[in-house]
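Each ligand, and each atom within it, is numbered from 1 in the order the structure gives.
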Amino acid sequence: MSTLHTHPLDDPQADPFAIAEAAAADIARITGVARHDIALTLGSGWARAADLLGETVATIDATDVTGFSKPALEGHVGSLRSILLPNGTRALVIGARTHYYEGHGVRRVVHSVRTAAATGARIMILTNGAGGIRETWTPGTPVLISDHINLTADSPLEGATFIDLTDLYSTRLRDIARGVDPTLDEGVYTQFRGPHYETPAEVQMAKAIGGHIVGMSTALEAIAARQSGMEVLGMSLITNLAAGIQKTPLSHAEVLEAGRDAEPVISALLAKIVAAL
Ligand code: HPA
């Protein structure tokens, strides 16, 4: 690997899947857990779910794992946790998300997902805090992601890699989630690049093309998860109504506050869903 590159994934010659394998080996070595069955990326508002899943076997600093970047944002924890569920399932909780808007490229964005797959995970649960387009979704509402529209104009797939995205957000897993909470609504997640929030006109465009949720993360990660052969469950916490739908200006503080307020309820819900998988 060239020493000109300070981050292994920034070397265009490097194989991102080999780096994910190296990261998985780091996780196995540091946690003492050879394989994980499921992985969860916990976004704004969802972090406490980790405490409710089962017994934490190890908590490690993401920056000790090959290819992980420092978290860019307050409210995002830079740790990885290995959890043993009461039913014997091993869960890897990823509290370190690299966002596309950080500008480090898609390889770094999806590295945690590829690493999760390399640890053995067959199910990837992706959560986020997001804006709601449906007016009936008050801040604090958890919503299942049924599909996405990727407006980043980018992809984690490199070269002529054609991957089917039908049923990307697994119908089977959504049914299990609704079995736990039949009131769970669902919608199409629209990923914008950010980090600015959308304009009201962009929100209207998202609505016109079939979007119900606006956010800055999950779609690219879901594509990578599918490429790695994982089944995906996506959930958004509606932290605010999207720009122009809500009449007051959006603020990051408001988003974090809505996340904090909803956290006990949605974390408990997510833990129950995971127990039902
Ligand atoms: N738009 C995009 N991302 C977000 C929002 C939003 O309104 N709220 C929280 N994350």
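Note on Ile273: it clusters hydrophobically with Leu237, by side-chain heavy-atom contacts below 4.5 Å among ILVMFWY residues. No chain of hydrophobic side-chain contacts below 4.5 Å, direct or via other Ile, Leu, Val, Met, Phe, Trp or Tyr residues, connects Ile149 to Leu220.
Residue-to-ligand polar distances place Glu198 within reach of ligand 1: an N/O pair is separated by less than 3.5 Å.
Salt-bridge annotation for Arg172 and Asp167: absent, with no side-chain N of the basic residue lying under 4.0 Å from a carboxylate O of the acidic one.
In this comparison of Val203, Ile245, Leu241, Asn240, the heavy atom closest to atom 7 (O) of ligand 1 sits on Asn240.
Of all the atoms in ligand 1, the ones that sit under 4.0 Å from a non-hydrogen atom of Met216 are 2 (C), 3 (N). Atoms of ligand 1 found under 4.0 Å from any heavy atom of Gly129 (numbered from 1 in listed order, with element): 9 (C), 10 (N). Per-residue contacts place Thr239 under 4.0 angstrom from the following atoms of ligand 1 (heavy atoms of the residue considered): 8 (N), 9 (C).
Of the heavy atoms in Leu250, only side-chain atoms (C-beta onward) come closer than 4.0 Å to ligand 1.
Scanning all protein heavy atoms for the shortest distance to atom 5 (C) of ligand 1 gives Gly131 N, 3.4 Å.
Side-chain contact of Arg81 with Thr56: a donor-acceptor pair under 3.5 Å is present, judged by distance alone.
Environment of CZ in Arg193: crowded, with over 12 heavy atoms of neighbouring residues, nucleotides or ligands closer than 6.0 Å.
Annotation: side chain of Thr115 is in contact with side chain of His111 (closest heavy-atom distance under 4.5 Å).
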